[in-house]
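To keep things clear, I will list the structure first and then write my remarks on it.
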Amino acid sequence: TTSLSILISVSLLLIATNGVDNNIDETRTVAKAGEIPTNCLTVGRIIEIEGKVQLKRKEWSDYHSTLVGTELCLGDLLQPALKAKVIVQCTDPNQNLWTVPNGMPSGAALGCRPPDKPIYTITGPITPSRDPIARRIPHIISPKNTWLLSKKPKLRWIAVPDATSYVVRISGSGVNWETEVSTTEVVYPGKPSLKPVEGGYLLTVEADNGESSAKATFGLLDANQANFIKVATERIATENLTGDAKTLAQAELYIGQGLIAEATETLEASTDKDSQTPAIYYILGDLYAQVQLLPQAEASYLKAMKLATIV
């Protein structure tokens, strides 16, 4: 069957207005612009648009309207209308934000050169298990298959029906920590200290219902990498952007460096404030889907769809 991500993507793009007339031809061009080629080398993501902007992928013969949140590939061309404003967060965190010149076509690679090192990207969601027993396992929300900046990460998981307590463990080089809580989250106290060790750490969460435990791995970035992210984060903070544009830029930075937990928390902070930007909910849905949190992913996708229908 077609994945939920693809279904929602098509629906979202077909009904997205992005400030243009909501007719058949226009929505088709928006949908076209949202398509990402399978051989795409991502160089950036559009985080802010004022006015009309069109995109031409290298595989296309003409331009199509596009929207906030669109990923840009090597070989793409962007053409903002006169007086339009388009800002792109480059995938390479060494680069500044790119304000695309208006009234003329510009190659994406001119504003955002390809990253020197491999960058983490979001793929389609993993199809979750339909086994009813799966609902009785405390599926881990975060950290799961991610790098971390914090040595005191917040550990979160899905509540299990009828469970009253959870045993939480972190094990790895020099660490064998365990605690029992009645909530669905706990902050690691920082001792023993987590370090950027080879192989990372294993997080285990076990409910008191006798079913299998949930497991996930994570690792810490080393000091040089963490400082690199800090500098890039400070640069984003000083940019003259809307709050949601800064959120998208920060999330894109985190995702590119494999900091999926931080990206998720950054986007969640905006959704908690009732953000009205569809792309924030859509990207968050992708992150949830990556870790098999299908109900949360679906809710985020549907919220993105709802916001995209507002003219």
Side-chain angles (χ1 to χ4, degrees), residues 8-23 25-36 40 42-57 60 62-73 75-91 95-112 122 236 239-253 255-256 266-267 270-271 273-286 301 303-311:
I8 296 296
S9 177
V10 172
S11 300
L12 172 59
L13 292 168
L14 284 174
I15 60 181
T17 58
N18 197 43
V20 299
D21 294 336
N22 191 24
N23 55 49
D25 292 336
E26 199 67 47
T27 52
R28 280 176 179 164
T29 60
V30 172
K32 180 73 173 179
E35 297 175 2
I36 302 174
C40 173
T42 304
V43 295
R45 185 189 298 272
I46 298 174
I47 61 171
E48 188 172 311
I49 291 178
E50 294 179 12
K52 294 185 178 182
V53 59
Q54 291 192 313
L55 167 69
K56 180 179 179 295
R57 306 261 191 216
W60 301 346
D62 54 4
Y63 284 84
H64 300 276
S65 297
T66 192
L67 65 161
V68 169
T70 297
E71 289 186 66
L72 300 178
C73 307
D76 287 353
L77 293 173
L78 280 173
Q79 184 166 319
L82 286 173
K83 298 183 179 180
K85 180 181 179 181
V86 182
I87 298 179
V88 175
Q89 167 69 30
C90 297
T91 301
Q95 300 178 66
N96 294 323
L97 298 179
W98 176 36
T99 300
V100 186
N102 58 31
M104 58 183 289
S106 297
L110 294 177
C112 294
I122 306 174
I236 291 171
E239 296 285 356
N240 183 24
L241 297 170
T242 64
D244 281 353
K246 285 186 177 180
T247 293
L248 288 170
Q250 190 67 55
E252 184 72 3
L253 168 66
I255 291 170
T266 297
L267 294 169
S270 284
T271 62
K273 296 177 182 177
D274 197 29
S275 167
Q276 299 298 296
T277 300
I280 286 178
Y281 293 89
Y282 183 71
I283 298 170
L284 181 58
D286 278 349
Y301 288 141
K303 178 67 173 182
M305 289 175 59
K306 181 178 179 181
L307 289 174
T309 61
I310 300 174
V311 180

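Taking CG from Leu77 and CH2 from Trp60, the interatomic distance works out to 11.0 Å, rounded to the nearest 0.5 Å. Between Met305 atom CE and Tyr281 atom OH the span is 15.0 Å, to the nearest 0.5 Å. With rounding to the nearest 0.5 angstrom, the CD atom of Glu50 is 8.5 Å from the OG1 atom of Thr242.
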request  = Tell me, with the steps shown, if Cys73 and Arg57 meet side chain to side chain contact (heavy atoms under 4.5 Å, CB included).
outcome  = CA-CA 8 Å; Cys73 307; Arg57 306 261 191 216; 3.5 Å; yes
task = For side chain to side chain contact (heavy atoms under 4.5 Å, CB included), just list the numbers for Thr42 and Leu72, CA-CA rounded to whole Å, side-chain angles, deciding distance to a tenth of an Å, and then say yes or no.
result = CA-CA 6 Å; Thr42 304; Leu72 300 178; over 6 Å; no
request  = Run the numbers on Thr66 and Val86 for side chain to side chain contact (heavy atoms under 4.5 Å, CB included), then give the verdict.
outcome  = CA-CA 11 Å; Thr66 192; Val86 182; over 6 Å; no
message = Determine whether Val53 and Val100 satisfy the following criterion, side chain to side chain contact (heavy atoms under 4.5 Å, CB included), listing intermediate values before the conclusion.
response = CA-CA 10 Å; Val53 59; Val100 186; over 6 Å; no
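Residues Leu248 and Ile46 fail the side-chain proximity criterion, which asks for heavy atoms closer than 4.5 Å. Contact annotation: the side chain of Asp76 approaches that of Leu55 to within less than 4.5 Å [non-hydrogen atoms, C-beta and beyond].
Ring-centre distance between Tyr282 and Tyr301: below the 6.0 Å cut-off.
With sequence neighbours excluded, the residues satisfying side-chain contact (heavy atoms from CB on, under 4.5 Å) with Glu252 are Arg45, Gln89, Thr91. Not counting sequence neighbours, the partners of Asp274 by the salt bridge (charged side-chain N to carboxylate O under 4.0 Å, His left out) test are Lys303. Checked against side-chain contact (heavy atoms from CB on, under 4.5 Å), Cys90 has the following partners two or more places apart in sequence or in another chain: Gln95, Trp98, Cys112. Among residues two or more places apart in sequence or in another chain, the side-chain hydrogen bond (donor to acceptor under 3.5 Å, both in side chains) test is passed with Ser270 by Thr247. With sequence neighbours excluded, no residue satisfies side-chain hydrogen bond (donor to acceptor under 3.5 Å, both in side chains) with Thr266. By the salt bridge (charged side-chain N to carboxylate O under 4.0 Å, His left out) test, Lys273 is found to be paired with no residue, residues two or more places apart in sequence or in another chain being considered. Remark: Ala251 pairs with Leu267 by the side-chain contact (heavy atoms from CB on, under 4.5 Å) rule, at least two apart or across chains. Every residue two or more places apart in sequence or in another chain that forms a side-chain contact (heavy atoms from CB on, under 4.5 Å) with Leu241 is listed here: Ile47, Glu48, Ile87, Leu97, Glu239, Ala245, Lys246. Applying the side-chain hydrogen bond (donor to acceptor under 3.5 Å, both in side chains) test to Asp244 and every residue at least two apart in sequence or in another chain returns Ser275, Thr277. For Asp62, the side-chain hydrogen bond (donor to acceptor under 3.5 Å, both in side chains) partners are His64, not counting sequence neighbours.
Across Gly69 and Ala279, no two heavy atoms sit closer than the pair CA-CB, 3.8 Å. The heavy-atom pair separating Ala304 from Pro278 by the smallest distance is CB-O, 3.5 Å.
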